[in-house]
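For reference, the structure discussed in these notes is given below.
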Amino acid sequence: KGESDHLLVGKVAEDTKDGKTLVFVRNKICVNDRLEILGPSRPTASDRVTSIVNEKGIHTDIVQNGSVAAMTLQGAYKKNDIIRKRIKPH
């Protein structure tokens with residue numbers, strides 16, 4: 001009871017620029033993950049991770065808690081938007 005069907009996976013660190021969104025990672029994010037991005041001034045957006053570049057500038061398939069990564073997503077997002085992942089089916 002009281003369990004969420006979403007997991008907080010990150011927060012947008014800077015406004016999307018040149019197609020890249022810089023993310024403070026809070027839980028594991030993988031290429032092809034489907035994410036939901038929540039911002040104060042628009043409806044929840046559904047998106048998918050198409051690439052990840054870690055702090056060292058290396059393309060990777062997975063980033064873990066505590067890292068900062070540049071992600072290619074389809075949309076453009078704003079600093080402090082919240083990123084979550086659905087962990088239970090509808």
Side-chain angles (χ1 to χ4, degrees):
K1 247 163 70 169
E3 285 184 39
S4 174
D5 40 346
H6 293 93
L7 178 67
L8 172 73
V9 293
K11 185 168 91 168
V12 176
E14 296 175 6
D15 292 2
T16 300
K17 185 178 177 189
D18 299 328
K20 299 282 186 203
T21 303
L22 195 65
V23 175
F24 293 123
V25 180
R26 297 291 173 250
N27 279 292
K28 182 170 77 172
I29 301 174
C30 305
V31 168
N32 292 320
D33 274 355
R34 295 205 173 277
L35 304 176
E36 294 179 350
I37 296 87
L38 293 78
S41 58
R42 60 178 163 64
T44 300
S46 292
D47 213 321
R48 187 175 66 84
V49 180
T50 55
S51 77
I52 301 171
V53 177
N54 68 18
E55 301 105 317
K56 297 175 183 167
I58 299 168
H59 282 268
T60 183
D61 289 336
I62 299 171
V63 283
Q64 301 281 357
N65 178 30
S67 57
V68 178
M71 299 186 189
T72 304
L73 302 166
Q74 291 154 340
Y77 303 103
K78 297 288 184 189
K79 183 177 179 175
N80 295 324
D81 284 356
I82 299 297
I83 304 170
R84 68 184 186 183
K85 182 167 38 174
R86 183 174 288 278
I87 53 174
K88 292 183 183 173
H90 290 296

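Residues K28 and V9 are not in side-chain contact: their nearest non-hydrogen atoms beyond the backbone lie 4.5 Å or more apart. Counting heavy atoms from C-beta outward, T16 and L73 have side chains that stay 4.5 Å or more apart.
No continuous path of ILVMFWY side-chain contacts below 4.5 Å connects L8 to I37, so the two sit in separate hydrophobic clusters.
Nearest approach of I52 to M71, heavy atoms of both residues: CG1-CG, 4.3 Å. Between D81 and P40 the shortest heavy-atom distance is OD1-CD, 3.8 Å. In terms of heavy-atom proximity, I62 sits nearest to C30 at CG1-SG, 3.7 Å. Residues E36 and S46 share a closest heavy-atom pair of CG-OG, 4.4 Å. The minimum heavy-atom distance linking R86 with H6 is given by the pair NH2-NE2, 3.4 Å.
Just one residue in the list V31, D33, N27 forms a side-chain contact (heavy atoms from CB on, under 4.5 Å) with I29, and that residue is D33.
Applying the salt bridge (charged side-chain N to carboxylate O under 4.0 Å, His left out) criterion to R26, with sequence neighbours excluded, gives no partner residue. With sequence neighbours left out, the side-chain contact (heavy atoms from CB on, under 4.5 Å) criterion links K17 to no other residue. Residues satisfying the salt bridge (charged side-chain N to carboxylate O under 4.0 Å, His left out) test with R48, not counting sequence neighbours, are none.
The stretch residues 57-78 participates, sequence neighbours left out, in these side-chain hydrogen bond (donor to acceptor under 3.5 Å, both in side chains) pairs: K20-T72, D47-Y77, S51-T72.
Under a 4.5 Å side-chain heavy-atom cut-off, the cluster of Ile, Leu, Val, Met, Phe, Trp and Tyr residues that includes F24 is completed by L22, V68.
Note that the CG atom of L7 and the CG atom of L35 stand 10.5 Å from one another [nearest 0.5 Å].
Side chain of D15 to main chain of K79: a donor-acceptor pair is present (N/O by atom type, distance under 3.5 Å, no hydrogens or angles).
The number of heavy atoms from other shown groups lying within 6.0 Å of NZ (K85) is above 12.
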